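Quick caveat: nothing in here was measured; it's all calculated off a predicted structure. First listed ligand is number 1; within each ligand, the first listed atom is number 1. Values below: every heavy atom of this structure, side chains too, minus hydrogens, waters and symmetry copies.
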Amino acid sequence: MERTLITGGAGFLGSHLCDFFIAQGHEIICMDNLIKRENIESIAHLMGHERFKFIKYDVTEYLHVNGKLDNILHFASLASPKDYLDFPIQTLKVGSLGTHKALGLAKEKKARFLLASTSEVYGDPAVHPQPESYPGNVDPIALRGVYDEAKRFAEAITMAYHRNHGIPTRIARIFNTYGPRMRLDDGRALPNFMVQALKGEEITVYGNGTQTRSFCYVDDLIQGIKKLLDSDENEPVNLGNPEEITVLDFAKEIIDLTGSRSRIIFCPLPQNDPKVRQPDITKAKTILKWEPKVSRREGLRKTLQYFEKKLSET
Ligand code: UDP
């Protein structure tokens with residue numbers, strides 16, 4: 001039986017990974033400091049499962065796990081612009097110190113290591129769409145720099161552990177992903193728009209809404225993570241849905257989908273908000289034989305069910 005540590009395991013992606021690898025027959029150690037989740041609701045259904053163990057812990061501290069480990073999936077991080085602006089130092093620490101600790105554990109246990117990196121390593125990209133070979137355009141001292149640079153450092157130290165210690169490492173550059181279990185208040189475009197639409201509140205489009213993003217449904221992303229883990233690719237691989245949309249059109253899609261009467265208002269654009277973002281997934285298609293299958297319409301419909309349920313509970 002494979003034994004897998006998932007850091008950030010109670011988070012949005014982490015909790016889906018817990019479910020996925022439990023279903024694959026792994027024994028899961030889920031580690032999370034619950035910095036933004038006051039409770040363990042996202043993994044509550046797994047508590048008591050014989051192959052699941054939750055440890056409340058901050059991975060920036062010295063990390064020790066008893067017994068063997070086959071895989072470490074390092075997903076601990078603040079992940080929404082609002083959160084990493086609220087917790088800039090924790091964001092820097094988890095990407096740098098946390099990744100160092102997790103890699104140290106991988107070395108100790110001779111485990112495979114997968115880093116959750118991000119499209120933010122490309123910053124405000126001057127190349128569009130973004131292939132893995134593009135080194136990015138990041139301002140280290142801008143507000144978003146705390147996340148971008150922490151993840152860039154995380155990639156650098158991951159490659160160094162691979163090259164110097166021979167650790168089998170993988171780097172997933174994850175583009176915007178959405179689905180059930182996103183926090184309603186995480187401040188990202190999708191939760192904001194959906195909650196606003198469902199409550200009949202004004203939809204807050206930042207800037208003029210011409211900036212673009214490309215949204216991937218969580219189930220597709222998890223399949224990509226699994227395929228990357230099982231591959232022998234050590235250099236970064238983009239994982240995301242290449243279907244690009246402007247933020248304004250995305251807001252309109254959510255209004256249509258919810259049948260909301262909310263109107264759109266335009267608010268100031270946050271500093272350093274990337275103007276475009278779209279993954280070039282040629283590498284993932286070629287090496288992993290992976291590409292997203294869930295259309296935005298279908299993914300948004302599934303996500304809406306979750307948001308409706310959560311809002312009815314509050
Ligand atoms: N955005 C917006 N209204 C909101 C929240 C976000 O217009 O209420 C915009 C944001 O400025 C960005 C895009 O939507 O251009 C995606 O933002 P998100 O926070 O989801 O993640 P990002 O892709 O910027 O990391």
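- No salt bridge links Asp219 with Lys293; every basic N to acidic carboxylate O contact stays at or beyond 4.0 Å.
- For Arg296 and Glu253, the salt-bridge test passes: some basic side-chain N is under 4.0 Å from an acidic carboxylate O.
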*Should His16 and Phe20 be marked as a ring-ring contact (aromatic ring centres under 6.0 Å, His included) after you check the CA-CA gap, both sets of side-chain angles, and the distance that decides it?*
CA-CA 6 Å; His16 283 279; Phe20 180 86; over 10 Å; no
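- Looking at Glu313 and Lys310, a side-chain N of the basic residue comes within less than 4.0 Å of a carboxylate O on the acidic one, giving a salt bridge.
- In the hydrophobic clustering, Phe113 connects to Leu5, Ile29, Met31, Ile55, Tyr57, Val59, Leu63, Val65, Leu69, Ile72, Val94, Leu103, Leu105, Leu115, Phe153, Ile157, Met159, Tyr161, Ile167, Ile171, either directly or through intervening members, whenever side-chain heavy atoms lie under 4.5 Å apart.
- Using a cut-off of 4.0 Å between Lys/Arg side-chain N and Asp/Glu carboxylate O, Arg183 and Asp83 are scored as salt-bridged.
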Show the short N or O contacts, below 3.5 Å, that ligand 1 makes with protein N or O atoms; if there are none, say 'none'.
residue: ligand 1; atom: 3 (N); partner: Thr204; partner atom: O; Å: 2.5
residue: ligand 1; atom: 7 (O); partner: Tyr206; partner atom: N; Å: 2.7
residue: ligand 1; atom: 8 (O); partner: Asn192; partner atom: ND2; Å: 2.8
residue: ligand 1; atom: 8 (O); partner: Thr204; partner atom: O; Å: 3.1
residue: ligand 1; atom: 8 (O); partner: Thr204; partner atom: OG1; Å: 2.9
residue: ligand 1; atom: 8 (O); partner: Tyr206; partner atom: OH; Å: 3.4
residue: ligand 1; atom: 11 (O); partner: Asp273; partner atom: OD2; Å: 2.6
residue: ligand 1; atom: 15 (O); partner: Gln211; partner atom: NE2; Å: 3.0
residue: ligand 1; atom: 15 (O); partner: Arg213; partner atom: NH2; Å: 3.3
residue: ligand 1; atom: 15 (O); partner: Asp273; partner atom: OD1; Å: 2.6
residue: ligand 1; atom: 15 (O); partner: Asp273; partner atom: OD2; Å: 3.4
residue: ligand 1; atom: 20 (O); partner: Ala189; partner atom: N; Å: 2.9
residue: ligand 1; atom: 23 (O); partner: Asn176; partner atom: ND2; Å: 2.8
residue: ligand 1; atom: 23 (O); partner: Arg213; partner atom: NE; Å: 2.6
residue: ligand 1; atom: 23 (O); partner: Arg277; partner atom: NH1; Å: 2.7
residue: ligand 1; atom: 24 (O); partner: Arg144; partner atom: NH2; Å: 2.8
residue: ligand 1; atom: 24 (O); partner: Arg213; partner atom: NH2; Å: 3.1

